[in-house]
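Only one structure is covered here, and it is reproduced in the block below.
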Amino acid sequence: MINRDIARIFNEIAYMIQASGDQRSSFEANAYLRAARSLESLQDDIETIYRSGGKEALMKIPGIGKGIADRIAEYIDSGTIKKYEDLRKNYPIDFETLTKIEGLGPKRILMLYRSIGVKDLNDLKKAIEDHRIRDLPGFGEKSEEILSQSLKIYESSAGRIPLPLGYARAVEIRDYLIQTGLAERIEIAGSTRRMKDTLGDIDILAVTEKPLQMMDAFTSMPKVKSVIAKGEKKSTVALDIGTTCDLRIISRESFGAALQYFTGSKDHNIRMRKIAIDHGMKLNEYGLFRDQENVAAGHDEDYIYRTLGLSYIDPELREDRGELEAAQMGKLPNIVKYDSLNADLCVKFDISKAQDKMRAYGYAYILAYAGSEDERGIFRIRSYTLNRNDSVEGTETTFRCADASSFKDDVDSLIKYIRDGKVRFLTNLDAIGTPGEEKVSKIIEACTASRCSIMIDSKSMRPSSDFLFSLRKNDVRIAIASFAGNPDELSYIRFGIGITRRAWISTDRIDNLLPVEELA
DNA sequence: GCCGTTTTCGGCCCGACTGTTTTCAGTCG
Ligand SMILES: Nc1nc2c(ncn2[C@H]2C[C@H](O)[C@@H](COP(=O)(O)OP(=O)(O)OP(=O)(O)O)O2)c(=O)[nH]1
Ligand SMILES: [Mg+2]
Ligand SMILES: [Mg+2]
């Protein structure tokens, strides 16, 4: 897929525009950045979209208009983009990598290039080692020191981390801050709250009477490797797991607005703030202001949405993918709640002693792996329930599942299995291809017609929410499974539920809400 | 460069933290 290649080019064009910098063109740079984000989240191959639908199809993608559609077409047709090549002549710099260094943006990167010829990471390293940066205009001894620190953080950075890892760490940090006794309210925000499948960092929001003390506690946590910024409202630290964590402290009255702000996404926030402007108001993390008055003071997120004429939008939907339009019309999907499942639809350990867990999760039954079948790529799962004595009991009810990854080169056989009613659940659908590919559509059609559900593996988080979001217009049913390999891993189900919520899948399509009799 | 249930022109979200910037630019959330 060339989506990422083109996104990278657009990012670089944006950085070069920003580096050369007059105000007017910064909006153009934002347009390129927005288009790049759009391409990165696009599930289907942009080349396929262009070849089958032309420029009109490209212009249907959010953030892509005439100009950028032309540039995408130019890239696909000729392999290069003239505007990009021309800019590169003036700025032969690896912006993509250098902007990943905390504290380095387009302007300072350009300064480093113009003054001492820094083009890439290696050049930067040498410049820092030789102390050539401290004498540059706009830099000093301190900023050279900070750059050296940022470089170390970058090199030990894990990039985006998987949600299950980040979520566990976010909960640890939240609980640590709670046990300091300083927190009046505290909430995990950002992409963790939106249950995005990978996290760029961890974001936490708190209310406290003693911000300075709480910031001290935060920056001196055991797992903090270094402190990147520390103020009374906001601090950032680098954690041991190669990611950073932001703590934002806010007053009690502003908590609702702050949670709305800090949950994001950025694009959702920008849209919200524009809607506020349309209503003659101003939205920021402190409140919703009409004239000078904060009309949302002391209110929760729900109040802000409703005051702007919207229904409440769950965090998982806040990606500017149509949720604001839907909220305006009261047409948001009714998504499944985290504690409402009737069952875990596939686990992979002996659950005969798991009665306590079963009760704790409120499950009426659990389907557990019962071995592979003779046919390649097919396995069986058995239903277990709680009997009168409150112990787990296997039943005669079993279902057959197909693992799509075993049918990559034989999609027709898989479709036949589904159409013949030989399989009830399908795992690893994304191994077949992207959502827009014909073989995937054909499988989905077969599943919808023959009551085979797409099973989500909550442990590996696949198919992803982005994949399933592309399929949201289909009626195909969904089964959520933890794939737990031991009792503790039953908690992974949360991430599978998150996937269905992010994918706009409504409760009437979720198999886990059915009693076992209705599964058959 | 994108975009439009007030617009096809004229807007484009809004604020925190840092350094050497004497009044704010750059970067980031
Ligand atoms: N209004 C506004 N809010 C922003 C902006 N950038 C970030 N935010 C808000 C929304 C984000 O969800 C939140 C946390 O910022 P992050 O950079 O950590 O982004 P997020 O957690 O969404 O994604 P991540 O997985 O960390 O890359 O702060 C911005 O430019 N404007
Ligand atoms: Mg974040
Ligand atoms: Mg953050």
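Chain A is the first sequence line, chain B the second, and so forth, proteins listed ahead of strands; every chain is numbered from 1. Atoms considered below: every heavy atom in the structure, side chains included; atoms not considered: hydrogens, waters and symmetry mates.
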Judged by modelled atom types alone, do A/Ser265 and A/Arg318 share a side-chain donor-acceptor pair under 3.5 Å? no
When you compare B/dC28 with B/dC13, how far apart are their C1' atoms, in angstrom units rounded to a whole number? 14 Å
Could you please name the partner base of B/dC14, counting Watson-Crick and G-U wobble pairs only when both distances are under 3.5 Å? B/dG29
Whole-angstrom distance between B/dT21 and B/dG26, as gauged at atom C1': 10 Å
Just to be sure I understand the rule, does A/Ile270 reach a base, reach only the sugar-phosphate, or reach nothing, if contact means heavy atoms closer than 4.0 Å? base
Mind running side-chain hydrogen bond (donor to acceptor under 3.5 Å, both in side chains) on A/Arg271 and A/His268 for me, showing each step along the way? CA-CA 5 Å; A/Arg271 287 288 308 275; A/His268 176 91; over 6 Å; no
First and last nt of DNA chain B near chain A, cut-off under 4.0 Å to heavy atoms, 5' to 3', are B/dG1 to B/dG29
For A/Lys266, report the nucleic acid contact type (base, sugar-phosphate, nothing); a contact means any heavy atom under 4.0 Å. base
On a heavy-atom basis, the closest approach of A/Pro92 and A/Lys119 is O-CD, 3.0 Å
For B/dT6 versus B/dG1, give the span between their C1' atoms, rounded off to a whole number of Å. 23 Å
Separation between the P atoms of B/dA16 and B/dG11, rounded to whole Å: 26 Å
Hydrogens and angles aside, do A/Thr434 and A/Asp44 bring a side-chain donor and acceptor to less than 3.5 Å of each other? yes
For A/Tyr32 together with A/Tyr15, are the ring centres under 6.0 Å from each other? no
Scan A/Gln328 against the nucleic acid and name what it touches under 4.0 Å (heavy atoms): base, sugar-phosphate only, or nothing. nothing
Per nearest nucleotide of DNA chain B, the residue lying toward the 5' end, A/Lys274 or A/Asp203, is A/Lys274
Residue closer to the 5' end of DNA chain B, A/Ile277 versus A/Ile228 (nearest nucleotide): A/Ile277
Any base atoms under 4.0 Å from A/Asn284, or only sugar-phosphate, or nothing? Heavy atoms, all strands. sugar-phosphate
Would you call A/Arg132-A/Asp123 a salt bridge at under 4.0 Å N-O? no
